[in-house]
Amino acid sequence: MVKVKAAVLEEFGAPLSIQELELADPQAGEVLVRLEACGVCHTDLYTASGADPSGYAPAVLGHEGAGVVEAVGEGVSSVAEGDHVVTLFSPQCGECIHCKSDKTNLCLAIRDQQNKGYLPDGTTRFSRDGEPIRHFMGTSTFSEYTVMPEIALAKIDKEASLDHACLFACGLSTGLGAAINTAKVEPGSTCVVFGGGMVGLGAVAGCRLQGAERIVAIDLSDDRLELARGQGATDTIVGGPDAVEQVLELTGGFGADYTFEATGNVSVMRQAVEAARMGWGLCTVAGVAGKGETLDIVPRLLITGRRVAGSSFGGVKGRTQVPQFVDLYLQGKLDVDPFVSHRLTLGDVNRGFELMEAQDGIRSVIAFG
Ligand SMILES: NC(=O)c1ccc[n+]([C@@H]2O[C@H](COP(=O)([O-])OP(=O)(O)OC[C@H]3O[C@@H](n4cnc5c(N)ncnc54)[C@H](O)[C@@H]3O)[C@@H](O)[C@H]2O)c1
Ligand SMILES: [Zn+2]
Ligand SMILES: [Zn+2]
C-alpha cells in the first residue's frame with residue numbers, strides 16, 4: 001500500500017480535486033507504475049464534464065501516461081522493476097480472438113470491467129478511507145502512481161524521454177496508426193487530413209512515413225496548419241463549406257486516394273468521404289462524434305468505389321507497435337517536440353483543461369517530479 005496524490009473526478013462539471021488516496025499493492029497480473037509524465041486529453045475532459053453517458057465518479061482520470069515500473073504482482077513476466085512503459089487504454093492480451101487476428105486491435109480480454117472502472121478482477125486498487133475509488137480507462141494516470149494490468153503496458157526504450165513518450169499513449173499513435181494500419185497508405189499516393197490536432201498531425205506524419213507524395217492538411221487554425229507543414233504536409237487548406245471543392249481542384253477533379261477525418265464533427269466526416277477519389281478512395285474516420293449523431297453519405301459515392309473505415313487507437317496493437325513508434329521517434333523520423341505545448345504540475349491539471357478548451361497548443365503534459 002502506498003499513499004498517492006491524484007486528481008479525482010468527484011462531481012461532473014466541477015474541477016478535478018487533488019487528493020491523497022491509498023493505492024493497494026499490485027495483484028496477480030498487475031503492475032505498479034510510477035508516472036513521470038501524462039498528457040491531458042479531450043477524453044478526460046469529456047468524462048469530467050459529465051457529457052459522456054458512460055462516465056462514473058469518484059474516479060481517478062488520466063490515460064496518456066508514461067512512467068517506470070516500481071513493482072510487479074504474481075505471475076507478471078513481460079515487464080520488470082525499472083522498465084519504462086507507456087500506458088494503454090487499449091490493451092493487448094495476445095490470446096483473445098481479436099488479438100490473434102491481424103485485422104483488429106480491439107482486445108476483448110478486460111473490456112467489461114475496464115468500462116465500469118475496475119481492474120480485471122472487478123475491484124479497485126485506489127481507495128480513500130476504505131471507500132473504493134474507481135479507475136478510468138484502465139489507466140488512471142493523473143496520479144503519482146497507478147496499478148494497471150500487465151497486458152495494458154507497452155515496454156519502451158529507456159532512451160526515450162518520458163514526457164515525449166506519453167504522447168504515444170493516445171492521440172499521436174491514433175493518427176499514425178490510422179495512416180499506417182487502417183488505411184495502409186501506399187507510396188506515391190495523395191492524402192488529405194481533416195483536422196490538425198494531435199490525431200490529425202499524427203495522421204500527417206503517418207502518411208509521410210508511408211511515402212505519400214502529396215499530403216493536404218485542412219484545419220481552421222493557421223497555427224495548426226503550420227504545425228502540419230512541419231510534419232510533412234505539402235499543401236494546406238483552411239477548412240469550411242468549400243473544403244471538398246478545394247480538394248477536387250487540387251487533385252484534377254478526382255479527389256484523394258486516402259482521406260482522414262480527425263475532428264469529431266460529422267459534417268467534416270461527410271466532407272472526408274466526399275473528398276475521397278472515385279474507384280478506390282478510402283476515407284478513415286478517427287474522430288469521435290457526439291452521442292446520437294450519425295454520418296450522412298450519399299450511397300452512390302460508395303457504389304462508385306469509395307470506401308469508409310473507422311479506426312480506434314489507429315488499429316494499433318499497443319504492446320507490439322507503440323515501442324516501434326517510440327523507436328521511430330528515437331531514430332529522428334518523428335518530430336514530437338512541437339506537440340508538447342505546455343508542461344504542468346499535477347496540481348495544474350484543471351489549467352490543462354482550460355488550455356485545451358482555448359485550443360492553446362496541441363498537448364499540455366503533466367510532469368510528476
Ligand atoms: N479513434 C480514436 O481512438 C481516438 C483517439 C483519440 C482521439 N480521438 C478523437 O479524434 C478527434 C481529434 O482529436 P484531437 O485530440 O486531435 O482534437 P483537437 O480538438 O485538438 O483537433 C481537432 C481539430 O479539428 C479542427 N477542425 C474543427 N472543425 C474543422 C473543420 N470544419 N474543418 C477542418 N478542421 C476542423 C480544429 O481546428 C482542431 O484543430 C476527436 O474527436 C477525438 O475525440 C479518437
Ligand atoms: Zn487521449
Ligand atoms: Zn486480447
Side-chain angles (χ1 to χ4, degrees), residues 38-47 51-52 61-65 87-101 104-111 136-137 139 141 149 151-152 166-178 182 192-204 216-225 227-228 236-244 246 260-272 275 284-290 293 309-319 339 341 355-363:
C38 180
V40 180
C41 172
H42 298 276
T43 310
D44 301 304
L45 179 58
Y46 181 56
T47 296
D52 178 1
L61 299 188
H63 63 283
E64 298 194 352
T87 63
L88 302 170
F89 63 85
S90 179
Q92 184 185 357
C93 78
E95 286 165 9
C96 73
I97 185 169
H98 283 183
C99 279
K100 284 188 170 153
S101 165
T104 180
N105 63 332
L106 298 177
C107 175
L108 299 169
I110 59 173
R111 282 175 93 79
F136 173 68
M137 294 176 84
T139 50
T141 49
I151 60 168
C166 70
L167 301 174
F168 292 94
C170 180
L172 178 53
S173 292
T174 298
L176 288 167
T182 310
V192 176
V193 179
F194 290 81
M198 186 72 274
V199 176
L201 293 170
V204 168
V216 184
I218 307 183
D219 199 283
L220 305 177
S221 143
D222 286 328
D223 291 349
R224 292 189 166 199
L225 292 176
L227 286 171
T236 56
I237 293 176
V238 176
D242 65 345
V244 175
Q246 293 200 52
F260 297 88
E261 182 283 331
T263 70
N265 179 325
V266 291
S267 64
V268 178
M269 292 178 190
R270 178 180 176 153
Q271 290 185 324
T284 300
V285 174
V288 176
E293 290 185 318
S311 189
S312 172
F313 191 48
V316 170
K317 288 183 188 283
R319 305 198 83 197
F339 303 143
S341 325
L355 289 164
M356 199 162 63
E357 282 185 303
Q359 259 199 32
D360 183 333
I362 299 299
R363 270 295 183 273

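Remember, it's 1-based here, ligands and their atoms both numbered in the order they're listed. Just so you know, these numbers come straight off a predicted model, no measurement behind them. Numbers here simply count residues along the sequence, with the first being 1.
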- [ ] Begin from the C-alpha positions of Leu201 and Val193 and carry the test side chain to side chain contact (heavy atoms under 4.5 Å, CB included) through to its verdict.
- [x] CA-CA 8 Å; Leu201 293 170; Val193 179; over 6 Å; no
Between [X] and [Y], is there a donor-acceptor pair closer than 3.5 Å when you use the side chain of the first and the backbone of the second?
{"X": "Ser221", "Y": "Asp223", "answer": "yes"}
{"X": "Arg363", "Y": "Met356", "answer": "no"}
{"X": "Thr174", "Y": "Cys170", "answer": "yes"}
{"X": "Thr47", "Y": "Asp52", "answer": "no"}
{"X": "Thr139", "Y": "Phe89", "answer": "no"}
{"X": "Asn105", "Y": "Val316", "answer": "yes"}

Open item on the list: With a cut-off of 2.8 Å, does Cys93 put an N/O/S atom close enough to the Zn ion (ligand 3)?
Closed with: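 True for Cys93.
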Task: Gly195 versus Asp219, closest heavy-atom pair with distance - done: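 Shortest heavy-atom separation between Gly195 and Asp219 comes out as C-OD2, 3.5 Å.
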Task: Atom of Glu64, atom of Cys166 and distance for their closest heavy-atom approach - done: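 Shortest heavy-atom separation between Glu64 and Cys166 comes out as O-CB, 3.2 Å.
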Pull out every atom of ligand 1 sitting under 4.0 Å from any heavy atom of [X], numbered as shown with elements.
{"X": "Gln359", "answer": "36 (C), 37 (O), 38 (C)"}
{"X": "Gly264", "answer": "41 (O)"}
{"X": "Ser312", "answer": "1 (N), 3 (O)"}

May I ask you to check if ligand 1 and [X] share an N or O to N or O distance below 3.5 Å?
{"X": "Ala286", "value": "yes"}
{"X": "Val199", "value": "yes"}
{"X": "Phe194", "value": "no"}
{"X": "Asn265", "value": "no"}
{"X": "Phe313", "value": "yes"}
{"X": "Gln271", "value": "no"}

- [ ] Round to 10° and report the angle made at the Zn ion (ligand 2) by SG of Cys41 and OE2 of Glu64.
- [x]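 The angle at the Zn ion (ligand 2) comes to 90°, rounded to the nearest 10°.
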TODO: To 10°, measure the SG(Cys170)-the Zn ion (ligand 2)-NE2(His63) angle for me.
DONE: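 Output for this angle: 120°, rounded to tens.
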For [atom], what is the nearest protein heavy atom, given as residue, atom name and distance?
{"atom": "atom 11 (C) of ligand 1", "result": "Gly287 CA, 3.7 Å"}
{"atom": "atom 23 (C) of ligand 1", "result": "Asp219 OD2, 3.5 Å"}
{"atom": "atom 28 (N) of ligand 1", "result": "Leu220 CD1, 3.5 Å"}
{"atom": "atom 35 (C) of ligand 1", "result": "Thr263 CG2, 3.6 Å"}
{"atom": "atom 32 (N) of ligand 1", "result": "Gly239 CA, 3.9 Å"}
{"atom": "atom 20 (O) of ligand 1", "result": "Arg224 NH1, 3.0 Å"}
{"atom": "atom 5 (C) of ligand 1", "result": "Thr174 OG1, 3.4 Å"}

Open item on the list: If I take the Zn ion (ligand 3) as the centre, what angle separates the SG atom of Cys96 from the SG atom of Cys107? Nearest 10 degrees is fine.
Closed with: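 An angle of 120° at the metal.
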- [ ] Quick one: look at Cys170 and ligand 1, take heavy-atom pairs under 4.0 Å, and tell me if it's side chain, backbone, both or neither.
- [x]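 Cys170 to ligand 1: side-chain contact only, backbone stays beyond 4.0 Å.
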Open item on the list: Checking contacts here: is it the side chain or the backbone of His42 that comes within 4.0 Å of ligand 1, counting heavy atoms only? Could be both or neither.
Closed with: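 Under 4.0 Å from ligand 1, His42 contributes side-chain atoms alone.
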Task: Trace of the side chain to side chain contact (heavy atoms under 4.5 Å, CB included) decision for His63 with Asp44 - done: CA-CA 8 Å; His63 63 283; Asp44 301 304; 3.0 Å; yes
TODO: From atom 30 (C) of ligand 1, work out which of Ile237, Val268, Val288 has a heavy atom at the shortest distance.
DONE: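 Among Ile237, Val268, Val288, the closest heavy atom to atom 30 (C) of ligand 1 belongs to Val268.
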- [ ] Between Gly315, Gly195, Ala262, Gly240, flag the one that comes closest to atom 22 (C) of ligand 1 by a heavy atom.
- [x]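 Among Gly315, Gly195, Ala262, Gly240, the closest heavy atom to atom 22 (C) of ligand 1 belongs to Ala262.
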Euclidean distance, [Y] [atom2] relative to [X] [atom1], rounded to 0.5 Å:
{"X": "Leu88", "Y": "Lys317", "atom1": "CG", "atom2": "NZ", "value": "12.5 Å"}
{"X": "Phe313", "Y": "Leu106", "atom1": "CZ", "atom2": "CG", "value": "11.5 Å"}
{"X": "Phe194", "Y": "Asn265", "atom1": "CZ", "atom2": "CG", "value": "11.0 Å"}

Task: Min side-chain heavy-atom separation Cys107-Cys99 under 4.5 Å - done: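 Yes, close enough: below the 4.5 Å cut-off.
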